[in-house]
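What follows is a short report on a single structure.
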Amino acid sequence: MVRLIVMIDFLQEQRPIPEPGPNEVLLQMHSVGICGSDVHYWQNGRIGDFVVKKPMVLGHEAAGRVVKVGSAVKNLKEGDRVAVEPGVPREMDEFFKSGNYNLSPTIFFCATPPDDGNLCRFYKHSANFCYKLPDNVTYEEGALIEPLSVGIHACRRAGVTLGSSVLICGAGPIGLVCLLVAKAMGASQVVISDLSADRLVMAKELGADFPLTVKRGDGPEELAKRVEGMLGAQPHITIECTGVESSVQTAIYATRPGGVVVLVGLGAAMTTIPLLNAALREVDIRGVFRYCNTWPMAIAMLASKKVNVAPLVTHRFPLEQAVQAFETTRQGQGVKIMLKCDKTDQNP
């Protein structure tokens, strides 16, 4: 029997190639990015209420090639190159009907317990959540649509528009895609903060107006004043991408009255924040949970070259070296680590 290799708790396991259902396609996976959540499940076995109770295939930032289509599939054909949206609604509930399917409590989501991900040779997925890539968009760019979608959803939630001034806390992969999207949506000035000088260098190259180096022990109110000094005024919007308590505090103090703070980073379940400060200044605090309805916009951004995500990929590994790739990510090396699952094609 033809078998495939998947990653389960860093064991490589042989499994049969799956058979797509009527509304599914079978993909030969090409590029799969490693997300911080993948590493978190490896290190901690859970994220919030999502607990790993049995071996789970990781991976949800993915692109591949259609090798088989289900009997009812009309939108794709064999040979199509596609990007995979990992969240698929299981039912047509109120969230699906309102367009907020990401909030459905029963949604299938790759590499979130108990659902397996797509870090494997072959993978089947709902055809409606596989999006054909234009010829000028690479597989790696297709895989990066997933983190790019977090940036799109965050900027939509924040209301970024022409002339917005924005503070982004954290210059990791998600902070950097938020930067790219904010600029593409018309943000006039962006401050981005981080502990890492190297990541701030990349942020500057990607369009940040003011990189802000943070040192451990810096006070939130002090950092907020530094942001105001850089911009000449408090930012309209702050996008917090670290989840660190002191950074969330900085986000609130820094944002101008009537502005918006969007919380993207996942931190402790209980966090102390200056809520009264936010309330008295009418600073809105908005959450972000993944994304919805973002793949068409992301593909358009990439195809038009309005957004360039290619520099985010700093390391590439074949699937056989997945353990080394995950360890590289855990150590904080580079920005985005990409695993190549197709032995016959190791190009981007």
Side-chain angles (χ1 to χ4, degrees), residues 147-148 150-197 199-216 218-267 271-288 291 301 306-307:
L148 183 62
V150 177
I152 292 172
H153 191 56
C155 288
R156 282 176 173 174
R157 293 276 292 155
V160 176
T161 188
L162 286 172
S164 297
S165 57
V166 180
L167 165 64
I168 298 172
C169 300
I174 296 302
L176 294 175
V177 293
C178 287
L179 163 65
L180 290 170
V181 174
K183 279 293 189 176
M185 288 185 172
S188 59
Q189 292 184 304
V190 177
V191 177
I192 188 164
S193 63
D194 203 277
L195 292 164
S196 168
R199 288 193 168 181
L200 290 176
V201 169
M202 175 168 281
K204 183 69 173 176
E205 293 172 351
L206 292 176
D209 299 284
F210 302 104
L212 173 60
T213 303
V214 178
K215 297 179 181 178
R216 298 188 189 279
D218 284 347
E221 291 179 277
E222 173 198 347
L223 286 171
K225 285 293 185 184
R226 288 171 62 187
V227 171
E228 183 177 2
M230 289 175 162
L231 293 172
Q234 293 177 301
H236 300 99
I237 291 161
T238 299
I239 303 174
E240 207 298 307
C241 300
T242 72
V244 176
E245 182 176 270
S246 61
S247 186
V248 177
Q249 294 167 357
T250 298
I252 291 172
Y253 285 129
T255 307
R256 73 174 57 187
V260 177
V261 173
V262 173
L263 303 179
V264 181
L266 298 176
T271 301
T272 301
I273 62 171
L275 192 58
L276 188 61
N277 177 283
L280 292 178
R281 298 188 303 117
E282 295 191 0
V283 173
D284 290 350
I285 301 173
R286 301 176 185 173
V288 163
Y291 34 68
M301 284 179 163
K306 297 294 184 183
V307 167

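Residues: numbered from 1 along the sequence shown. Here the structure is a predicted model, which is why all the values come from computation and not from measurement.
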Sequence neighbours excluded and cut-off under 3.5 Å, please list the side-chain donor-acceptor pairs for residues 250-264, or say none.
from, atom 1, to, atom 2, distance (Å)
T250, OG1, S246, O, 3.0
T255, OG1, T238, OG1, 2.8
T255, OG1, A251, O, 2.7
R256, NE, Q234, O, 2.8
R256, NH1, H236, NE2, 3.2
R256, NH2, Q234, O, 2.7

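The nearest pair of heavy atoms linking L179 to G207 is CD1-C, 4.2 Å. Heavy-atom minimum distance, P220 versus Q249: CG-OE1, 3.3 Å. Closest of all the heavy-atom pairs between I285 and A278 is CD1-CB, 4.1 Å. Nearest heavy atoms, S193 versus L200: C-CD2, 4.0 Å. Contact record, C241 with I174: SG-CG2, 4.2 Å, taken as the closest heavy-atom pair. Annotation for I237 and S164: closest pair CD1-OG, 4.1 Å, computed over non-hydrogen atoms.
Using a 4.5 Å heavy-atom threshold, the side chains of L231 and F210 count as touching. Side-chain contact between V181 and M301: present, with at least one pair of heavy atoms (C-beta onward) separated by less than 4.5 Å. Side-chain contact check for I239 versus C155: some heavy-atom pair is nearer than 4.5 Å. Taking 4.5 Å as the limit, every side-chain heavy atom of M230 sits out of range of all side-chain heavy atoms of Q189. The shortest side-chain heavy-atom distance between L180 and C178 does not fall under the 4.5 Å cut-off. In this structure, the side chains of D194 and L212 stay at 4.5 Å or more apart for every pair of heavy atoms. Using a 4.5 Å heavy-atom threshold, the side chains of P235 and V191 count as separate.
For CD of E282, the number of neighbouring non-hydrogen atoms (other residues, nucleotides, ligands) closer than 6.0 Å is 12 at most. Counting non-hydrogen atoms of neighbouring residues, nucleotides and ligands closer than 6.0 angstrom, the CG atom of L266 reaches no more than 12 such neighbours.
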Hey, mind stepping through L162 and M185 against side chain to side chain contact (heavy atoms under 4.5 Å, CB included) and telling me if it holds? CA-CA 7 Å; L162 286 172; M185 288 185 172; over 6 Å; no
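The pair K183-D209 meets the salt-bridge criterion, with a side-chain N (NZ, NE, NH1 or NH2) lying under 4.0 Å from an Asp/Glu carboxylate O.
Put simply, CG on L206 and NZ on K204 are 11.5 Å apart, with the number rounded to the nearest 0.5 Å. Atom CD of E228 is separated from atom CG of L167 by 12.0 Å, given to the nearest 0.5 angstrom.
Scanning for side-chain hydrogen bond (donor to acceptor under 3.5 Å, both in side chains) contacts around S247 gives E240, T242, with sequence neighbours left out.
At least one donor-acceptor pair under 3.5 Å links the side chain of D218 to the backbone N or O of K215.
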